[in-house]
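Report on one structure; see the data block that follows.
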Amino acid sequence: MYFPPSIEFYEDSVPSESGFVSKWRLKDRTMTEMAALVLCLNINCDPPDVIKISPCARLECWIDPLAVPRQKALEAIGMALKLQYKRWQPKAQYKYQLDPTVEEVKRLCNTYRSFAKKKRILFHYNGHGVPKPTSDGVMWLLNRSYTQYIPLRATELDSWLKSPSIYVFDCSAAGNIVNAFIELIDASISSGAAKDCILLAACEAHETLPQSAEFPADVFTSCLTTPLQMALRWLCKRSLLHESLDHSLIDNIPGHLSDRKTLLGELNWIFTAVTDTIAWNVLPRDLFQRLFRQDQLVASLFRNFLLAERIMRSANCSPFSYPMLPPTHQHHMWDAWDMAAEICLSQLPSLIHDPTVEFQPSPFFTEQLTAVEVWLDHGSEQKKPPEQLAIVLQALFSQCHRFRALELLARFLDMGPWAVDLALSVGNLPTLLKLLPTAAPELQQTLVFIWSKILAHDKMLYEVIHSYWILSKDILLLECQSCQVDLVKVGGHTYFIRFLDSLKAFPEQRAMAAFVLAVIVDGHKEGQEACIEAGLLDVCLKHFQDSTPNNAQSEHLFLQWLCLCLGKMWEGFTEAQLLGLQAGAAVISASLLSKPQSEVRASAVFVLGTFLGVGFDSSRYGGDECDDDEKLKAEITIIRNLLSVVSDGSPLVRAEVAVALARFAFGHNKHLKSVAAMYGKSQPNTGVSTPGSIITSQIGMLRIGGDSTLIVRDGRVSTSNPLATTGIMHGSPLLDDSSQYSDSGASNDGVGNGIMNHVRPRPLDTSVYLDCILSMCTLAKDPSPRIARLGRRVLSIIGIEQVARPNMPSTSNARPSEPITSAAVRLSGLARSSSWFDMNSGHFPLTFRTPPISIPRASCLTRIRRVSSSEFRPHLLNSPDLGLADPLGYGGSDANTECSLLPRSNIYNWSCGHFSKPLLTPPDDAEELLAKREAKERSTLDLIVKCQNYSVSKLYNQIASWDTKFENGTKTTLLQPFSPVVIAADEKEQIRVWNYEEPALLNTFDNHEFPDSGISKLCLLNELDSLLLVASGDGNVRIWKDYMEMGKQKLVTAFSSLPVHGPTVCNLNANVDWQQQSGYLFVAGDVPSIKVWDLDKEQLLHSIPSSPDNSISALAASQVHGGQFAAGFADGSVRIFDIRTPEMLVCAARPHIQRIERVVGIDFQPGLDVGKIVSASQAGDIQFLDIRNHSDAYLTINAHRGTLTALAVHRHAPIIASASAKQLIKIFSLEGEQLGTIRCHPTFMAQRSGSISCLTFHPYQVLLAAGAANPFVSLYAADNNPTR
């Protein structure tokens, strides 16, 4: 059984200290709707504070104002500026004012604000014909007669335009105006009314605009509004192409800005990619989102502002802005722009002279995508993100680069949630939405993968924010607007439904589409309605019926998400639930309850659970009695199907059953409560077990709620408060402190539980209710503490409360320095980590198993496999149930509020985590783990050879003695194969781990809270991974990991291997053995059958009938041949089974005929001979059997005259050991020769061992551990042991 490392996305996404979870989703999109263009040029009249050089810059909007009459020049410049701005925001309304007065500017500003309301307004100010602004922020306008300069203060302008607004100041000393505005903004922030104001200034307060004739007079405006023309003119003067290119060629570049197949479009596309990349790399994420993604015109101006900074700094002028940007004029991406521009411009002369010449695209995007690919080969979360991530977004706009860009984006998103957040911060979401309707067939699979990653991340943020109410309401409302809304708006759900219905895609890819659709409909009524209208129900049911059992390895994730998609589609949506019932969804889902994958079974339970409580409101169904009968029959069928998996081996499945039963208990509260109270009345004088005593025996001391009914339990009287009204829960919402199956009231409308308009249902058959109550009791005594709490929660709904015993671990056994760690403190939860992709999609096949008896051939090593399963992530339980839990009564009759108190299903949220993990690459440590396993495998094979060639000698050298401090002695022991560690357990189910070389106690802990049946067997699963299987006498099995570190042990999984529904004896004398090769767990006890569990599937594989009057006293599985095991019975008989054969029973023999006593030990002899076993009877004889000769034993050893108590057979070495109640241990060879005797009390002063209770050989060394009735465990080795 392989338990891969768990990757939980809930803990990786805890909000930061600032409370901001993710900054990629925009708080709101704004648009600049109006623009006021104020030009104070005063042509032919220079301002008094400016001394111009000769020749000097003269062009305004690329027009020479002196080449035409003054008024015409002014009009032409105004119109040109308007058209230049309109290129960046065509939908905005523009109005220019030429040499205006203050009154005209005021009128325009007030008019614009009254029309724009909450929209942004652009104010462009050109002050080339007026004096510089003053230090206090006063800019200048003209009077009507051009005889005076009229001041305009920043405060006045701000009072007219208000916010949101953006200002462009193109004049000398423009920094003075910006500084004045910054003071206003700071004042508004301190007063609590922050202004949304953006400022762009041509230069700082002490600077003058460039006057060189190389530049236009409005060089800042030209950079902002005509960036390509400005950038190329500036580049050509510094390029090697300056001799072949002049301004006339640059001003006539062929093509259109929006056509990327033309030279002009290619240059514009590259320029946008470069400036976006620079901004994304140097700006904080939130500032980048605000300036480059929130408003189209603002984004264009700031892209061009980066160019203005580069060009104007070359003229010793420093443009600046508010918010302030870091310097970008020397960013290395400008070199990439220069190179790409030169390559494009080199074609310009030929393109102009010969229009038939075809333009050759620049290699810019190909090279930049290659850079991203190189980063993906070597990058990680700890390294700097790829600088070219913004270029990947731009490459999506081109058909020739789109496929490669999507592939690279998919690889990047697969690196984890951090990568998804980074990619979305670039602004990929709108582009990916636009690609859905037009995606070519070759892009569909990649797009589905990308959207599965995005929605997994979006789902994660949604869940995290709902878990942390400390965040502000603004952030909460912002993040709750999930991507599901965006997808439904653009009709994206139809794209994924079509892909889901496509037979060309692989099942894993269609599972991703089902996941995306499940997220779309999750709690989203519009999404549910849209998907039902698009035929999602029919598509899902069709694929259920078409699923091929032979392809289970690749189909199970698909089936899992089909179930979850269906369940979410009608969760809380009654009309959809009725459509599902009519279409037979309940019957189809029930057929999945026997699937080998626990995730599929749990998802099927979830689907069935969503149907419970449906169909009882006659006002919705017209009151048709016949229809109600059909609905009742459907619910009975659903309940019986759910009860069939109440003892499933997977806690994931049992948890979903508990949640479904809680829904059923809520809907049938009155009837279930009545049945529980009726059968809860004890009959002390009859001596007959009534159904009421059945309930009591199931979970111990109970309180059964009724109409103030007094119930006597264990000599005490308890009173249960009745339900106040129908549908009001009787029980405490604090019974389950699970973070995953929580009673969070976040969903007060009850939609999270799928129950709407609670109405009292018609009663079902009493037997159905009784079966439900018994199943609830079974869950309440589940070996998994989380499931047990869920079971008690369900019982509390119908008025039954368990009187829990306090956890009082005994400390008398421990030294003062040895802490006692209660299992209640370190018990794990239910967060399984699925490994479907790891095992089937290109990951390293981590397939090592315990080596066979002989050295396998090289060709066989590739077939050695391990049991693959999933990990249950541990969660620290902060408040274990102690004492009597007082049920809380809830007043009122709001059924929706009551629904929110029910335990909630977690299979959907847990399953979503799969898509947050890397799916395209193996884990970073996969190669390292594989190398370690291969090294251990080689070492193990060497040890096996040494054991097989072991020269027989005496085995009596005691190398260690360990005082375990167990009060009642040692029940069972286990030796670790690859470390000097021995594990021991006692009757009270205390487990202790000891290093016998140092020596040192490594750990001590309790198997569970209420030990009452002792531990019958300790086994190691995946010896290299060291998982500890602990089997209790009552048949409960628990698997632990990290048990060799003090207080670090974690419960991986737990289940009842001998499920009994009804009166149960506390100790079933369970006998257990584990077969590593097949992954099977064989269990028998005081029950009339032998259970065979597949721990890979967490499923009962076989229930083999055995003698009802003859219990099994010993059990052993073959470690050579999978599926073969031997059983010894209380009457001295022995049977060999092989589950691979139709009859399963291979042979039966009665070798112990001298005295009829129970078989104490049985095992297969070492070696490859499958037919030989060793059986030891309590009478003291050891029989050597060959199943090919059924009648007689071929060798008999009368080992002990007294009672034989234990037998051990070495897995590889040709020796066995037996022990007696007279403190003797004898060692024999396989030929019957006695090799030695160990007397555990050789002298009067020596420590007496007491009756030997258990013997265990080391699997790969000649080393024997012996536990006894006293607290000591002794270890013995031979003098010539080659492995010591």
Side-chain angles (χ1 to χ4, degrees), residues 24 365-366 368-377 379 386 388-417 419-459 483 486-487 490-520 554 557-558 561 836-837 840-843 912 914-922:
W24 67 264
F365 285 99
T366 301
Q368 298 300 319
L369 292 179
T370 300
V372 176
E373 189 171 4
V374 171
W375 187 95
L376 289 172
D377 292 336
Q388 297 81 6
L389 201 57
I391 296 178
V392 175
L393 168 62
Q394 292 297 323
L396 293 176
F397 294 113
S398 171
Q399 291 185 359
C400 60
H401 298 297
R402 186 173 298 159
F403 180 79
R404 188 183 182 196
L406 284 174
E407 291 285 345
L408 295 176
L409 181 60
R411 286 182 58 189
F412 182 71
L413 297 181
D414 192 54
M415 300 184 77
V420 180
D421 196 69
L422 274 178
L424 292 176
S425 72
V426 177
N428 283 293
L429 187 65
T431 306
L432 293 172
L433 284 169
K434 293 177 182 177
L435 287 178
L436 286 177
T438 60
E442 63 272 13
L443 303 179
Q444 290 180 355
Q445 297 177 1
T446 308
L447 266 177
V448 170
F449 180 88
I450 288 173
W451 272 105
S452 68
K453 288 293 181 179
I454 291 175
L455 289 181
H457 179 67
D458 197 50
K459 168 73 177 170
C483 291
D486 302 324
L487 283 168
V490 300
H493 60 285
T494 59
Y495 172 85
F496 293 104
I497 293 175
R498 288 196 304 270
F499 186 88
L500 181 66
D501 199 26
S502 171
L503 298 179
K504 296 180 180 179
F506 292 106
E508 295 93 341
Q509 295 164 341
R510 287 189 286 162
M512 294 177 187
F515 161 69
V516 171
L517 290 166
V519 176
I520 289 176
S554 59
L557 186 74
F558 182 41
W561 276 104
W836 71 273
F837 197 92
N840 299 302
S841 297
H843 282 201
C912 289
H914 168 78
F915 296 100
S916 294
K917 306 171 188 175
L919 302 178
L920 301 178
T921 57

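Treat the numbers as computed from the prediction; the structure is a model and nothing was measured.
Rounding to the nearest 0.5 Å places CG of Leu443 at 8.5 Å from CD of Glu407. Here the CG atom belonging to Leu447 is positioned 10.5 Å from the CD atom belonging to Glu442, to the nearest 0.5 angstrom. The CZ atom of Phe403 lies 10.0 Å from the CG atom of Leu408; values are rounded to the nearest 0.5 Å. In this structure, CG in Leu409 is found 11.5 Å from CZ in Arg411, a value given to the nearest 0.5 Å. The structure places CG of Asp458 at 10.5 Å from CG of Asp421, a figure rounded to the nearest 0.5 Å. The distance from the OG1 atom of Thr446 to the CG atom of Leu413 is 11.5 Å, given to the nearest 0.5 Å.
The shortest non-hydrogen separation linking Phe397 to Arg402 is O-NH2, 3.4 Å. Across all their heavy atoms, Phe412 and Pro386 have their closest contact at CE1-CD, 3.8 Å. The nearest pair of heavy atoms linking Ala456 to Cys912 is CB-O, 4.2 Å. Taking every heavy atom of both residues into account, Leu920 and Asp414 meet most closely at N-OD2, 2.7 Å. Residues Leu429 and Cys483 share a closest heavy-atom pair of CD2-SG, 4.0 Å. Nearest heavy-atom pair across Leu396 and Ala405 is CD2-CB, 3.7 Å.
Shown here are the side chain to side chain contact (heavy atoms under 4.5 Å, CB included) partners of Ala371, two or more places apart in sequence or in another chain: Gln388. By the side chain to side chain contact (heavy atoms under 4.5 Å, CB included) test, Ala518 is found to be paired with Trp561, Cys565, Tyr908, residues two or more places apart in sequence or in another chain being considered.
Counting only heavy atoms from C-beta outward, the side chains of Leu487 and Trp451 approach each other to under 4.5 Å. Side chains of Leu517 and Leu500 form a contact here, defined as non-hydrogen atoms less than 4.5 Å apart.
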Exercise. Show your reasoning for whether side chain to side chain contact (heavy atoms under 4.5 Å, CB included) applies to Phe499 and Val516.
Key: CA-CA 11 Å; Phe499 186 88; Val516 171; over 6 Å; no

Quiz item: Step by step, would you call Leu432 with Leu406 a side chain to side chain contact (heavy atoms under 4.5 Å, CB included)?
Solution: CA-CA 10 Å; Leu432 293 172; Leu406 284 174; 4.1 Å; yes

Quiz item: Hey, mind stepping through Leu919 and His914 against side chain to side chain contact (heavy atoms under 4.5 Å, CB included) and telling me if it holds?
Solution: CA-CA 9 Å; Leu919 302 178; His914 168 78; 3.6 Å; yes

Quiz item: Passes side chain to side chain contact (heavy atoms under 4.5 Å, CB included), Met512 versus Val448? Steps please.
Solution: CA-CA 7 Å; Met512 294 177 187; Val448 170; 3.7 Å; yes

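A salt bridge (charged side-chain N to carboxylate O under 4.0 Å, His left out) check over residues 490-503, counting only residues at least two apart or in different chains, returns the pairs Asp501-Lys542.
Side-chain atoms of Lys453 come within 3.5 Å of backbone atoms of Lys917 as a donor-acceptor pair (strictly under, hydrogens ignored). With hydrogens and angles disregarded, no donor-acceptor distance shorter than 3.5 Å links the side chain of Arg404 to the backbone of Ala395.
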